[in-house]
Asker: 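My questions will all concern the structure given below.
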Amino acid sequence: LNVSNLKVNATSITHISSQTFEQSGSGDSRVKIIHYADQQKTDSVYSTFDAILEQLSGNFMQINKNQIVNLDKIHKVQGSEIYLAGTSKPFFVSENRKDEFDVRIGKIN
């Protein structure tokens, strides 16, 4: 992944989240936070999910409006909740992405 002059080995990424923060003088701004498997650091980039997904392999999927996950890092799936390796909080797959998600992880052929 090469975004905003940041070069990252995609296999080390667990997920990417979108966050809004208030920027003085210019209102809200959206930034993408890249989370890594070692959980020791994150990187912030200004980009769209579409631009990020174009650079990532097929092992990544946007599961809702605010999150992309590395499908290789999924530890457990319970309905619309997924758990990534090394994390304790669930990630939620939106209803409009659930069918594609099920196909991508092999629940439906």
Side-chain angles (χ1 to χ4, degrees):
L1 176 63
N2 185 359
V3 179
S4 301
N5 296 322
L6 174 69
K7 293 182 181 177
V8 175
N9 180 350
T11 59
S12 66
I13 298 172
T14 56
H15 65 287
I16 302 169
S17 59
S18 179
Q19 295 182 351
T20 303
F21 65 95
E22 191 171 321
Q23 202 170 8
S24 61
S26 62
D28 286 347
S29 182
R30 294 189 78 64
V31 65
K32 305 307 184 266
I33 311 295
I34 301 171
H35 301 265
Y36 300 97
D38 65 12
Q39 298 181 18
Q40 298 302 311
K41 75 171 203 156
T42 60
D43 285 310
S44 302
V45 296
Y46 294 95
S47 185
T48 64
F49 274 156
D50 288 341
I52 291 171
L53 283 168
E54 277 182 22
Q55 295 187 49
L56 295 170
S57 70
N59 296 336
F60 289 83
M61 179 183 171
Q62 185 172 353
I63 59 166
N64 59 46
K65 182 175 124 179
N66 295 314
Q67 294 174 318
I68 293 173
V69 297
N70 182 341
L71 299 175
D72 290 339
K73 304 291 185 187
I74 294 175
H75 174 69
K76 179 169 68 170
V77 178
Q78 287 183 310
S80 292
E81 293 182 356
I82 62 174
Y83 294 84
L84 301 177
T87 64
S88 59
K89 67 174 181 137
F91 292 79
F92 296 93
V93 180
S94 66
E95 275 202 38
N96 62 338
R97 297 185 187 267
K98 183 71 169 114
D99 288 343
E100 178 188 354
F101 176 78
D102 287 346
V103 169
R104 297 274 307 272
I105 63 165
K107 285 181 71 178
I108 299 172
N109 293 319

Asker: Let me see the working for Ile74 and Leu84 under side chain to side chain contact (heavy atoms under 4.5 Å, CB included), right down to the final yes or no.
Answerer: CA-CA 4 Å; Ile74 294 175; Leu84 301 177; 3.8 Å; yes
Asker: So, Thr48 versus Asp50: side-chain donor-acceptor pair below 3.5 Å or not?
Answerer: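 Per modelled atom types, Thr48 and Asp50 side chains form no pair under 3.5 Å.
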Asker: Taking Lys65's backbone N and O only, do any of them form a donor-acceptor pair with Arg97's side chain (distance below 3.5 Å, no angle check)?
Answerer: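 No, because the side chain of Arg97 does not come within donor-acceptor range (under 3.5 Å) of the backbone of Lys65.
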Asker: With rounding to the nearest 0.5 angstrom, report the NZ to OG distance, Lys41 to Ser12.
Answerer: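 Atom-to-atom, Lys41:NZ and Ser12:OG are 7.5 Å apart.
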Asker: Before you tell me yes or no, could you show the steps for Ser18 and Asn66 under side chain to side chain contact (heavy atoms under 4.5 Å, CB included), namely the whole-Å CA-CA distance, both residues' side-chain angles and the distance that decides it to 0.1 Å?
Answerer: CA-CA 5 Å; Ser18 179; Asn66 295 314; 4.0 Å; yes
Asker: Please table the atom pairs, donor to acceptor, closer than 3.5 Å between any side-chain atom in residues 89-96 and protein atoms at least two apart or in another chain.
Answerer:
| unit_1 | atom_1 | unit_2 | atom_2 | d |
| --- | --- | --- | --- | --- |
| Ser94 | OG | Ile63 | O | 3.4 |
| Ser94 | OG | Asn96 | OD1 | 2.6 |

Asker: Distance check, rounded to the nearest 0.5 Å: Gln62 atom CD versus His15 atom NE2?
Answerer: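 Answer rounded to 0.5 Å: 13.5 Å.
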Asker: Considering non-hydrogen atoms only, spot the tightest contact between Lys98 and Gly79 and give its length.
Answerer: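 Heavy atoms only, the tightest pair is NZ-O, 2.9 Å.
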Asker: Can you name the closest pair of heavy atoms from Lys73 and Ala37 and give their distance?
Answerer: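 Shortest heavy-atom separation between Lys73 and Ala37 comes out as NZ-CB, 4.3 Å.
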Asker: Does any N or O in the side chain of Lys76 come within less than 3.5 Å of the main-chain N or O of Tyr83, such that one atom is a donor and the other an acceptor?
Answerer: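 Pair absent, no side-chain N/O of Lys76 close to backbone of Tyr83.
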Asker: Measure across Leu56 and Ala10 and return the closest heavy-atom pair with its distance rounded to 0.1 Å.
Answerer: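 Residues Leu56 and Ala10, closest heavy atoms: CD2-CB, 3.8 Å.
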Asker: If the test is side chain to side chain contact (heavy atoms under 4.5 Å, CB included), which one of Ile16, Ile68, Thr42 qualifies with Ile34?
Answerer: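 For Ile34, the side chain to side chain contact (heavy atoms under 4.5 Å, CB included) check succeeds only for Ile16.
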Asker: Which residue in the set Asp72, Asn70, Thr11 passes side-chain hydrogen bond (donor to acceptor under 3.5 Å, both in side chains) when paired with Asn59?
Answerer: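 It is Asp72; the other options fail the test.
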Asker: Work out which heavy atom in Leu71 is nearest to a heavy atom in Ile105; give both atom names and the distance.
Answerer: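 In terms of heavy atoms, the two residues are closest at CD2-CG2, 4.2 Å.
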Asker: Determine, using the 4.5 Å side-chain heavy-atom cutoff (strictly less than), whether Phe60 and Tyr36 are members of one ILVMFWY cluster.
Answerer: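 Yes, Phe60 and Tyr36 fall within the same hydrophobic cluster.
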